[in-house]
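Quick caveat, the model's predicted, so the values are computed rather than measured.
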Amino acid sequence: MNFQLKIDDDEPLQRRPLRPPPDFQSRGFRLRLMTLFAALVLVLILMQEAGKPERWEWMGFDRAAPQGDARQSDVVNEDSVSAVAATEQKEPLPTAWKLITDNTAVGHVGDSEAWGDAWRLVNEAKLSVLTEAVKVQRIQLMSQPKSYRRRWVKLQGWVRSARFVDRPIAALGQSAAGYQGRVGHYEFWIRPEETNAGPYCVYSLSLPAGFPEVGEVYQALNEKVEVVACFFKNRSYVSADSKPSVCPLLLAASFTRLGSRDLADQNENPAPPWVPGVPAMIGMAIAFTVLAAGLAWLAKRTTQSPRYQYGNQMTEQIHEGLDQLIDDPSVITEREKVLQLQGTIDEDDVPDRSEDACD
């Protein structure tokens, strides 16, 4: 057996500090691992949420407004500020309205007392209240439901479907004496004028003049309307694609019909929500990739044990030990062991390998 060892004594070996291997059962390692996993889950959630138009709408990028609409946007912002200020100046909400829970279905147990009071407000609404209603957008009601609760607001949009719902007269805050019309209310699903992120749900006691007749089964419509209604809460519902969603719920006595168009032309010149362009999406993809690579590098860096390098003294001891093994006659090759077992050679016949090693 020939050992060829090359030892360079001219350049001493650089000794690196020896650190113990990481303790995988320690609290610090488990905390670091949980942090990395939480960061990965956060990146995945951000990537999923970035594809939803309502998230960009919430950040103020609901649509790309032209230059001429800057003044109109300022008016809407002023109306929003005035609405919040008016809410703070008025008397606090009644106790029944404080029990309302947003993001729940219609008929929630905690909404029963406020439900009758809401219809009473609708029946007793005066013209002055309707004219002083503040124009709002869907994102304002979705993000600030407590600020607009029990307040009169004005909105515009397109009625896409409607039906008539039978309700007892008492449930509508009215009495049988003097009541005229069908016993119940109309349910309208309105696409907002400013966004496609989601609808309004409006309950109305009557229809305006010239509006198509509505039956008890959902009917597809495309009527542009303006509604002055009392905001009740953000209700939950199941959308057409069988997914749970949330939208504002408002109660109105009636509304104003602004116009209609054929269903074949409903997609003509729509006002789509603002979505990020190709450069922005590429930048986001690169940023997420870099972040994921950084997390992977950090995880590898913190869990990798450094390789230990021996110093000069230890290296010399290793080489001396190898030389002693070369000169030791008891160290034989596997082939020589097999021959000894077969009895074909004796221990004295084992060749001297020291000369071969020197060669």
Could you check, using the six-membered ring where one of them is a Trp, whether W97 and F232 have ring centers closer than 6.0 angstrom? yes

Does CZ belonging to F37 count more than 12 external heavy atoms closer than 6.0 Å? no

Does the side chain of W158 come under 3.5 Å of the side chain of N222 through a donor N or O and an acceptor N or O? no

Rounded distance (nearest 0.5 Å) linking atom CG of L40 with atom CG of L291: 9.0 Å

Kindly give the heavy-atom pair with the smallest separation between C247 and P199, and that separation in Å. CB-O, 3.2 Å

Supply the atom-to-atom distance K154 NZ to E132 CD, rounded to the nearest 0.5 angstrom. 11.0 Å

Side chains of I45 and V41, heavy atoms from C-beta outward: is any pair under 4.5 Å? yes

Can you tell me how far apart SG (C201) and CG (L251) are? Round to the nearest 0.5 Å. 9.0 Å

Would you find a donor on one side and an acceptor on the other, under 3.5 Å apart, between the side chain of S254 and the backbone of S204? no

For E113 and W115, which I'm curious about, is there any donor-acceptor pair between the side chains at under 3.5 Å? no

Could you tell me if E226 and Q156 have a donor-acceptor pair between their side chains, going purely by distance under 3.5 Å? yes

Rounded to the nearest 0.5 Å, how far apart are SG of C230 and CG of D117? 8.5 Å

Grouping I, L, V, M, F, W and Y whenever their side-chain heavy atoms are under 4.5 Å apart, do V202 and Y218 come out in a common cluster? no

Aromatic centroids of Y200 and F188 separated by under 6.0 Å: no

Side-chain heavy atoms nearer than 4.5 Å, only ILVMFWY residues, links allowed to pass through others: does that put V217 and L221 together? no

K233 and its side-chain contact (heavy atoms from CB on, under 4.5 Å) partner, picked from V246, D111, L250: D111

Mark yes or no for whether R257, through its side chain, and E223, through its backbone, hold a donor-acceptor pair below 3.5 Å. no

Which heavy-atom pair separates Q219 from E213 by the least distance, and what is that distance? OE1-O, 2.9 Å

Could you tell me the separation between the OG atom of S147 and the CZ atom of F231, rounded to the nearest 0.5 Å? 9.5 Å

With a 3.5 Å distance limit and no angle check, can you tell me whether T104 reaches the backbone of H108 through a side-chain donor-acceptor pair? no

Are the side chains of V238 and K243 in contact, using a 4.5 Å heavy-atom criterion? no

Go through the steps to decide whether V228 and W152 satisfy the test side chain to side chain contact (heavy atoms under 4.5 Å, CB included), and finish with yes or no. CA-CA 7 Å; V228 177; W152 291 93; 4.2 Å; yes

If we only count heavy atoms from C-beta on, is the L249 to N234 side-chain gap below 4.5 Å? no

Validation row, ring centre Y186 to ring centre F164 under 6.0 Å: yes

Side-chain (E124) to main-chain (L121) donor-acceptor, under 3.5 angstrom: no

Would you confirm whether E216, through its side chain, and R163, through its main-chain N or O, come within 3.5 Å as a donor-acceptor pair? no

Has the side chain of D166 got a donor or acceptor atom that lies under 3.5 Å from a matching backbone atom of G184? no

May I ask you to decide if G198's main-chain N or O and R138's side chain share a donor-acceptor pair within less than 3.5 Å? yes

Do L99 and W119 land in one hydrophobic cluster if side-chain heavy atoms of ILVMFWY residues count as linked below 4.5 Å? no

L205 side chain near N123 side chain, heavy-atom distance below 4.5 Å: yes

Mind checking the CD-CG spacing from Q140 to L155? Nearest 0.5 Å is all I need. 11.0 Å

My understanding is that only residues two or more places apart in sequence, or in another chain, count here; which of them pass salt bridge (Lys or Arg N to Asp or Glu O under 4.0 Å) with E334? none

So, S236 side chain and A105 main chain: donor-acceptor pair closer than 3.5 Å or not? yes

ILVMFWY cluster, V136 and V225 together (side-chain gap under 4.5 Å): yes

Below 4.5 Å, heavy atoms only, C-beta onward: do E187 and S161 meet side chain to side chain? no

Of T256, V153, I190, which meets side-chain contact (heavy atoms from CB on, under 4.5 Å) against V227? I190

